Amino acid sequence: MMLQNSPKPHAELILAWYDRHHRELPWRVSPSSAKAGKSADPYHIWLSEVMLQQTTVQAVKPYFNKFLSLWPSVNDLAAAPVEDVMAAWAGLGYYARARNLKKCAEAVAAGHGGKFPDTEAGLRALPGIGDYTAAAVAAIAFKRQAAVMDGNIERVVSRLYAIDAPLPGSKPLMKAKVVELTPPDRPGDFAQAMMDLGATICTPKRPTCALCPFRDVCLAFAEHDPERFPVKAAKKEKPVRQGAAFVAVTPDGEVLLRRRVNSGLLGGMTEVPTTAWTSRLDGGTTTQHAPFAAAWEPCGTVVHVFTHFELRLSVFRARTSRVESTDGWWEPVTSLDAQALPTVMKKAISQAVPLAFAPAKP
DNA sequence: TACCCGTGGTA
DNA sequence: TTACCAAGGGT
């Protein structure tokens, strides 16, 4: 009598899929390369994981390559001026990540002899490394059996088990499922496989279930409505804030810039002088709040959407002499690209000086 | 715990 | 066009 085939474990199903369909990424060692003896560089894995926090692969790729070219090792990054790191990060968002990236590099260089800790707990203690990044680096770079949880994996797991409880309350349950699923032999590939599946097959909208290795075991597919998962708590609507930005230009083509405080919104980044951003404009004319008296001309409005509010910025321009500034400096328009200017500030400056920045690369 | 923290792509 | 949301962390 033939032995009945037992169903393949979930990890086996998705690892077989990953071996055939994994994405090629600049920081990734493919399964075939790993078989040939190549191992992941912890610095590359850490750098990519921090950049990938709430950020798409597409957006990260050019920044990852730029950082590796500027700072090939964690010791190079640790030795770099923080201003250079902020300028290189400009445009990627969530700028506390850049400040913590620098702190973490310094801790690894000074406290660990330039080597990253090779355990989840050791990594978790470093600046900018939370539960997700600690588990991901431990699993991918050091082959530790760490359970990696991110937005992709939450979606895959919530569908696999048709979890009705809403996020974020259901996170502990999902984590328990991932702990069960994570295999001891290829924990890093398993995590990357789950994330690749979430990014390419088990997508938020219109998942391609026909191509999914979990199709025959997925409870959400069996219910014919995978898009119902993950169930999430209702979110609040975004308030609107308003403010004014002042672009002062000298006849020599210099713009007055300031540096924002090191904490909070756009912390440590460069800006043009602005008013406070409040729920409504305070009384009086806006130009009363300009950095100095001048013939300020209105030149339109910039709208920029942050995570938790929408900003409507009235932009004013003035041609002025090189007024002395106590808390700022005059920067040639031609070197604005090297500044740590967040996107909202580039929008404001472009509104006042249309040719301030080179057109974006195609 | 709940809130704060950017940006750009997609449907 | 609006809404969603992407390899989350800090406080």
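This one's a predicted model, so the numbers in the text were calculated from it and none came from an experiment. Chain naming here is simple, since letters A, B, ... match the order of the sequence lines and numbering starts at 1 in each.
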I'd like the [atom1] distance from [M] over to [N], given in whole Å.
N: C:dA7; M: B:dC3; atom1: P; result: 24 Å
N: B:dG8; M: C:dG9; atom1: P; result: 22 Å
N: C:dC5; M: B:dC5; atom1: C1'; result: 15 Å

- In the structure shown, which nucleotide is the Watson-Crick or G-U wobble counterpart of B:dT1, with both distances under 3.5 Å? none
- Can you find a heavy atom in the side chain of A:Leu257 that is under 4.5 Å from one in the side chain of A:Gln339? yes
- Mind checking whether A:Trp330 and A:Thr250 have side chains closer than 4.5 Å, heavy atoms only? yes
- Message: What does the B/S/- profile of nucleotides 4-9 of chain B look like, 5' to 3', with a 4.0 Å heavy-atom cutoff to protein?
- Response: SBBBS-
- Query: Hydrophobic clusters join Ile, Leu, Val, Met, Phe, Trp and Tyr when side-chain heavy atoms are under 4.5 Å apart, directly or via other members; which others share one with A:Leu355?
  - Reply: none
- Message: Looking only at the side chain of A:Pro204 (C-beta and beyond, no hydrogens), which of the listed nucleotides C:dA6, C:dA7, C:dG8 gets closest?
- Response: C:dA6
- Note on the structure: Within residues 139-173 of chain A, the residues having a heavy atom closer than 4.0 Å to DNA chain C are A:Asp150, A:Gly151, A:Asn152, A:Arg155
- Answer yes when A:Lys171 and A:Asp131 have at least one side-chain N-carboxylate O distance shorter than 4.0 Å, and no when they do not. no
- Query: Once you round it to whole Å, what is the distance between C1' of C:dA7 and NE2 of A:His22?
  - Reply: 17 Å
